[in-house]
Amino acid sequence: MSDKFDVIVIGAGPGGYVAAIKAAQLGLKTACVEFWTSKDGKSQVLGGTCLNVGCIPSKALLEVTHKFEEASHDYESMGIMTKGVDIDVAKMMERKSGIVQQLTGGIAGLFKANGVTSIHGHGKLLAGRKVEVTDKDGKTKTYEADNVILATGSKPIEIPPAPFDGEYIVDSEGALEFTEVPKRLGVIGAGVIGLELGSVWARLGSEVTILEAQDSFLPAVDQQVAKDALKQFKKQGLNIITGARMTGAEVKRKLVNVSYEDSKGKQEVKFDKLIVAVGRRPYTDGALAEDSGVTMDERGFIFVDDNCKTEAPGVWAVGDIVRGPMLAHKASEEGVMVAERIAGHKPQVNYDCIPNVIYTFPEVAWVGKTEEQLKAEGEEYNVGSFPFAANGRAMAANAAAGMVKIIADAKTDRILGFHVVGPQASEIVAQGVIAMEFGSSAEDLALTCFAHPTLSESVHEAALAVAGGAIHVANRRKKK
């Protein structure tokens, strides 16, 4: 194997492996370095955090537990009689692992099909676009490239009051490996990860309490949508406490004693397990030599321009280690963009059209700006919304909670924000992404024919409501 490549990618997560495949498809001699190893330590594992201990395994658990929740509590109202519904946690975990294994193997197959050279080891960028790879035995080898793409991802943030012990106090990865349902589960952080993991175990019978330091719930989400979602989560039994600042956690007699402060003063609570989900930080440990030419900020994010170029010639960085949301699909889009730019093309990522999703039930999804952002910017806008409670398909599916909300510029009618809380919000939001990518107006959606009966009809009605013309719900009275 030659030690010289057109492109070397460090990291085989959603940003890295996609960049490697795209670069190879464009005729570039490409290698991808990844240190992740199987549990037995014998083989390389591709896919990064998302595929192995993040997006995919968590969704596998969310799907199973949602079906269990429906079978346990909702089927009777639809005329389906069930008795003694139970859950086999071990089998659920085995299925999750099987899905992960199948998909990681799929990436290895794609590497082979596209001619990507897979290098197993820990990659470190040296000066002059050289990459030093240390294998599992500690041996090093140096490769050269015309271009290097850094895609090393992120890792969970550990906070001083609650250091991880891997058994009672765990991060998001540990929460995917519980062997039994904890009776009382604590979650620190009411963000995407905290809500999803809290939902998984609450559906299986855990008493879940989520402590959130910020005073408002989901502050980055449109607050009308966030309040609707909070109402639904509380109905499901999630005890979400905002303005709760954790001060300590100590394991005593197989219980986690948590202390925190809220508006009522000092509080204490005991849990069987505690999940700390307060965010993630860039994973750049040992990835950069001091003379690599790449610079980082105080939080570990690598400085890049709008096209993901670092300050070092021929070195690029994508995904969680650069500015912007830590989302797998954002990393993948950046990976494709960088590969194409290396090949001489001129693509760009439209960061205004990156969707966000929380895969709870109901799901929460959005793209673009919130009402709160537009008010702060002094922008004039119109709003149209439509509840799933008035949607025939949602009612038939016993999933009528939530709504679709569209925000449009008051003068041009161009869609500025698209927000959904409800069934299949993760799929419905794509309609908003496409509309915004093409610069659509709310009227464009209003003039579009949607199939009946579908959940997507709520998008149509919300678009109609922007101009006060919704058909199946009363419209807001226009100001005189």
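Each residue takes its place number in the sequence, starting with 1.
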Quick one: side chains of residues 177-185, donor-acceptor pairs under 3.5 Å with protein atoms, not counting sequence neighbours, listed by atom name and distance.
{"residue": "E177", "atom": "OE2", "partner": "K96", "partner atom": "NZ", "Å": "3.1"}

Distance-only criterion, 3.5 Å: show the donor-acceptor pairs between side-chain atoms of residues 44-60 and protein atoms not counting sequence neighbours.
{"residue": "Q44", "atom": "OE1", "partner": "S118", "partner atom": "OG", "Å": "2.6"}
{"residue": "Q44", "atom": "NE2", "partner": "E34", "partner atom": "O", "Å": "3.1"}
{"residue": "Q44", "atom": "NE2", "partner": "I119", "partner atom": "O", "Å": "3.2"}
{"residue": "N52", "atom": "ND2", "partner": "L46", "partner atom": "O", "Å": "3.2"}
{"residue": "N52", "atom": "ND2", "partner": "G48", "partner atom": "O", "Å": "2.8"}
{"residue": "S58", "atom": "OG", "partner": "G54", "partner atom": "O", "Å": "2.8"}
{"residue": "S58", "atom": "OG", "partner": "C55", "partner atom": "O", "Å": "3.0"}
{"residue": "K59", "atom": "NZ", "partner": "C55", "partner atom": "O", "Å": "3.3"}
{"residue": "K59", "atom": "NZ", "partner": "E196", "partner atom": "OE1", "Å": "3.2"}

Taking only distance into account, with no hydrogens and no angle test, what donor-acceptor pairs under 3.5 Å do side-chain atoms of residues 246-256 form with protein atoms, sequence neighbours excluded?
{"residue": "T247", "atom": "OG1", "partner": "S259", "partner atom": "O", "Å": "3.1"}
{"residue": "T247", "atom": "OG1", "partner": "S259", "partner atom": "OG", "Å": "2.9"}

Show the atom names and distances, to 0.1 Å, of all donor-acceptor pairs under 3.5 Å that link a side chain in residues 275-286 to residues at least two apart or in another chain.
{"residue": "R280", "atom": "NE", "partner": "S154", "partner atom": "OG", "Å": "2.8"}
{"residue": "R280", "atom": "NH2", "partner": "S154", "partner atom": "O", "Å": "2.7"}

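Separating the CD1 atom in I302 from the CG atom in L150 is a distance of 5.0 Å, to the nearest 0.5 Å. If you take CG on L274 and CG on N257, they are separated by 11.0 Å, rounding to the nearest 0.5 Å. Note: I407 CD1 to E379 CD = 12.0 Å, rounded to the nearest 0.5 Å. Rounded to the nearest 0.5 angstrom, K273 NZ and I169 CD1 are separated by 10.5 Å. Residue D135 holds its CG atom at 14.0 Å from CZ of F35, rounded to the nearest 0.5 Å. Atoms OG1 and CD, on T65 and E70 in that order, are 10.5 Å from each other to the nearest 0.5 Å.
Side-chain contact between I240 and L195: present, with at least one pair of heavy atoms (C-beta onward) separated by less than 4.5 Å. Side-chain contact between V338 and N147: absent, with no pair of heavy atoms (C-beta onward) separated by less than 4.5 Å. A 4.5 Å side-chain heavy-atom check between V85 and F68 finds at least one atom pair inside the cut-off. Looking only at side-chain heavy atoms (C-beta outward), R129 and V315 come within less than 4.5 Å of each other. Residues L176 and L197 form a side-chain contact, since some pair of their non-hydrogen atoms from C-beta on lies under 4.5 Å apart. Side-chain contact between K124 and I10: absent, with no pair of heavy atoms (C-beta onward) separated by less than 4.5 Å. When side chains are defined from C-beta on, M92 counts as touching V89, because their heavy atoms get closer than 4.5 Å. No side-chain heavy atom of V192 sits under 4.5 Å from any side-chain heavy atom of Y359.
Around the CD atom of Q101, the shell of radius 6.0 Å holds no more than 12 heavy atoms that belong to other residues, nucleotides or ligands. Within 6.0 Å of NZ in K330 there are more than 12 heavy atoms belonging to other residues, nucleotides or ligands. At most 12 heavy atoms of other shown residues, nucleotides or ligands fall within 6.0 angstrom of atom CD in E76. Crowding of M78 atom CE: a count of heavy atoms from other residues, nucleotides or ligands under 6.0 Å exceeding 12.
Taking both residues in full, the closest heavy atoms of W201 and A175 are given as NE1-O, 3.2 Å, listed atom of the first, atom of the second, then distance. Between A425 and V420, the shortest heavy-atom contact is CB-CG1, 3.6 Å. Across all their heavy atoms, G191 and E212 have their closest contact at N-OE1, 4.2 Å. Between I428 and P423 the shortest heavy-atom distance is CD1-O, 3.6 Å. In plain terms, the two heavy atoms of F386 and S458 that are nearest each other are CD2-OG, 3.5 Å. Taking every heavy atom of both residues into account, A12 and Y17 meet most closely at O-CD2, 3.7 Å.
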side-chain contact (heavy atoms from CB on, under 4.5 Å) assessment of Y260 paired with R245
CA-CA 5 Å; Y260 67 94; R245 293 161 180 79; 6.0 Å; no
Using salt bridge (Lys or Arg N to Asp or Glu O under 4.0 Å), reason through D74 and K67 one step at a time and then give a plain yes or no.
CA-CA 10 Å; D74 300 335; K67 293 181 188 299; over 6 Å; no
Where do Y381 and K369 land on the side-chain contact (heavy atoms from CB on, under 4.5 Å) test, with the steps shown first?
CA-CA 11 Å; Y381 60 89; K369 296 188 175 182; over 6 Å; no
Test side-chain contact (heavy atoms from CB on, under 4.5 Å) applied to I21 and F111, step by step
CA-CA 7 Å; I21 291 172; F111 272 12; 3.9 Å; yes
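Residue pairs meeting the salt bridge (charged side-chain N to carboxylate O under 4.0 Å, His left out) criterion with at least one member in residues 298-307, sequence neighbours excluded, do not occur. The list of side chain to side chain donor-acceptor pair (under 3.5 Å) pairs with a residue in residues 222-238, not counting sequence neighbours, reads D222-K405, Q224-K405.
K130 forms no cation-pi arrangement with Y143, by the criterion of a distance under 6.0 Å to the ring centre and an angle within 45° of the ring axis.
When V225, I358, V357 are each tested for a side-chain contact (heavy atoms from CB on, under 4.5 Å) with W366, only one passes: I358.
For the residue pair Y351 and E334, a side-chain donor N or O sits within less than 3.5 Å of a side-chain acceptor on the partner. Side-chain contact annotation: T37 with H120, donor-acceptor N/O pair under 3.5 Å present. A donor-acceptor pair shorter than 3.5 Å can be found between the side chains of S426 and E363.
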